[in-house]
Amino acid sequence: MDSVKFLLYVLKRIGILIAVDLFGSAVAKVFVPAIASFFPATGAANRFLTEGTGGSLVGWAVMLILLSVVFFNDGKKHTAYEIWNSINIIIALVFMFLLYFIPSVFRDSFHQESKGDVFYSIIYAPVQWLEDKFEMAYTSSAGIGIGIILFVLFVVYVVSYKIYLRKHKSLA
C-alpha cells in the first residue's frame with residue numbers, strides 16, 4: 001500500500017471509529033433505556049439496562065462488534081490484494097487510540113460553565129461502565145476501554161488473514 005492510500009485508509013478508519021462511537025453512545029443513552037421499558041420495572045433486566053453500567057456496556061459491545069466486522073473485512077481484502085501488512089494496521093490502531101484517548105486527558109480543563117461536559121458524556125458513554133463498575137479514573141477507563149477494542153481488532157485482522165490464506169492456498 002503506497003503512502004497516500006495508507007493515509008486515506010487511516011483517515012477512513014478514524015472516521016469509522018468516530019461514527020461507531022457516536023452510534024455506540026446513542027445505543028447506550030437512547031436505545032437501551034427505550035428497550036428497558038419493555039421489561040417489568042422491578043425486573044433484573046430493567047435494572048441492568050437502565051443503570052449507567054448496563055447501557056454503557058451494551059454501547060461498548062456494539063462498538064466492538066461493528067469495528068470487528070470492518071477489520072475482519074479489511075483483513076480479507078488486504079490478503080486478497082496482497083497488501084496485508086500488520087505494521088500498517090498497528091499504526092492505524094495507534095492513531096485511533098490517540099484520537100480517542102487524548103481528549104479524555106483534557107476533560108477537567110473545562111471549568112467554565114461545564115462547556116465540555118456534553119462532549120465528554122457523549123463520546124465516552126460506551127466506556128463509562130469501566131469507570132462505574134471498577135471505580136477507575138476517567139482517563140484509565142477511556143484508555144482501557146478503547147485499548148481492549150483495538151487489541152481485539154488487531155486479533156480479528158490477523159485471524160481474517162489466516163482464514164483467507166487457509167482457503168486460498170495459492171497466496172501462501
Side-chain angles (χ1 to χ4, degrees), residues 1 3-33 48-49 51-75 77-78 83-161:
M1 188 181 310
S3 60
V4 174
K5 286 184 182 180
F6 175 66
L7 176 64
L8 290 175
Y9 175 79
V10 171
L11 292 176
K12 287 177 188 176
R13 293 307 164 257
I14 287 173
I16 289 173
L17 173 69
I18 292 169
V20 168
D21 181 49
L22 291 175
F23 182 69
S25 296
V27 166
K29 298 278 187 182
V30 178
F31 298 132
V32 169
F48 174 75
L49 294 174
E51 69 183 26
T53 305
S56 177
L57 181 62
V58 171
W60 182 82
V62 165
M63 276 184 68
L64 178 65
I65 291 167
L66 292 177
L67 288 171
S68 293
V69 169
V70 169
F71 275 81
F72 186 82
N73 191 31
D74 285 350
K77 283 183 185 177
H78 292 175
I83 57 173
W84 192 88
N85 189 344
S86 62
I87 301 300
N88 285 348
I89 296 306
I90 289 173
I91 292 170
L93 293 174
V94 165
F95 278 116
M96 291 168 70
F97 177 81
L98 292 174
L99 178 85
Y100 195 83
F101 176 72
I102 289 175
S104 71
V105 174
F106 299 107
R107 182 187 91 164
D108 294 330
S109 64
F110 293 102
H111 296 295
Q112 189 177 15
E113 300 175 13
S114 302
K115 292 180 182 177
D117 286 342
V118 173
F119 170 78
Y120 287 105
S121 67
I122 292 171
I123 297 299
Y124 296 106
V127 295
Q128 183 183 0
W129 66 277
L130 288 167
E131 184 180 359
D132 295 343
K133 190 74 173 170
F134 299 109
E135 299 176 2
M136 291 184 177
Y138 195 78
T139 53
S140 298
S141 67
I144 290 173
I146 197 66
I148 292 170
I149 289 174
L150 296 178
F151 178 75
V152 169
L153 294 181
F154 181 74
V155 170
V156 164
Y157 185 79
V158 171
V159 166
S160 173
Y161 166 74

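Hydrogens, waters and symmetry mates play no part in the numbers below; they use all other heavy atoms, side chains included.
- Between the side chain of Y157 and the main chain of I89, no donor-acceptor pair closer than 3.5 Å is present.
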Check: residues 59-72 side-chain donor-acceptor pairs under 3.5 Å, at least two apart:
| unit_1 | atom_1 | unit_2 | atom_2 | d |
| --- | --- | --- | --- | --- |
| W60 | NE1 | G145 | O | 3.1 |
| S68 | OG | L64 | O | 2.7 |

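- Residue L150 comes nearest to L93 through the heavy atom pair CD1-O, 3.4 Å, listed as atom of the first residue, atom of the second, then distance.
- Annotation: the span from S160 atom OG to N73 atom CG amounts to 7.5 Å, rounded to 0.5 Å.
- Residues Y138 and V127 fail the side-chain proximity criterion, which asks for heavy atoms closer than 4.5 Å.
- Y124 OH to S141 OG: the interatomic distance, rounded to the nearest 0.5 Å, is 9.5 Å.
- The NZ atom of K133 sits 12.0 Å away from atom OG of S56, with the distance rounded to the nearest 0.5 Å.
- Of all the heavy atoms in F97 and I146, the pair that sits closest is CD1-CG2, 3.4 Å.
- With rounding to the nearest 0.5 Å, the separation of NE2 in H78 from CG in N88 is 8.5 Å.
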Just distance, no hydrogens or angles: give the donor-acceptor pairs under 3.5 Å from side chains in residues 7-28, sequence neighbours left out.
| unit_1 | atom_1 | unit_2 | atom_2 | d |
| --- | --- | --- | --- | --- |
| Y9 | OH | D74 | OD2 | 2.7 |
| R13 | NE | D74 | OD2 | 2.7 |
| R13 | NH2 | D74 | OD1 | 2.9 |
| R13 | NH2 | D74 | OD2 | 3.2 |
| S25 | OG | D21 | O | 3.0 |
| S25 | OG | I122 | O | 2.3 |

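- Contact between L98 and P103 at its shortest, heavy atoms only, is O-CD, 4.1 Å.
- Between V58 and F31, the closest side-chain pair of non-hydrogen atoms is not below 4.5 Å.
- In this structure, CD1 in I144 is found 3.5 Å from CE in M136, a value given to the nearest 0.5 Å.
- From I83, atom CD1 reaches atom CZ of F6 across 11.0 Å, with rounding to the nearest 0.5 Å.
- Without hydrogens or angle criteria, Y100 side chain to I123 main chain gives a donor-acceptor distance under 3.5 Å.
- Side-chain atoms of T53 never come within 3.5 Å of backbone atoms of W129 as a donor-acceptor pair (strictly under, hydrogens ignored).
- The two residues K29 and S121 have their closest heavy-atom pair at CE-O, 3.5 Å.
- Nearest approach of S104 to F101, heavy atoms of both residues: OG-O, 2.5 Å.
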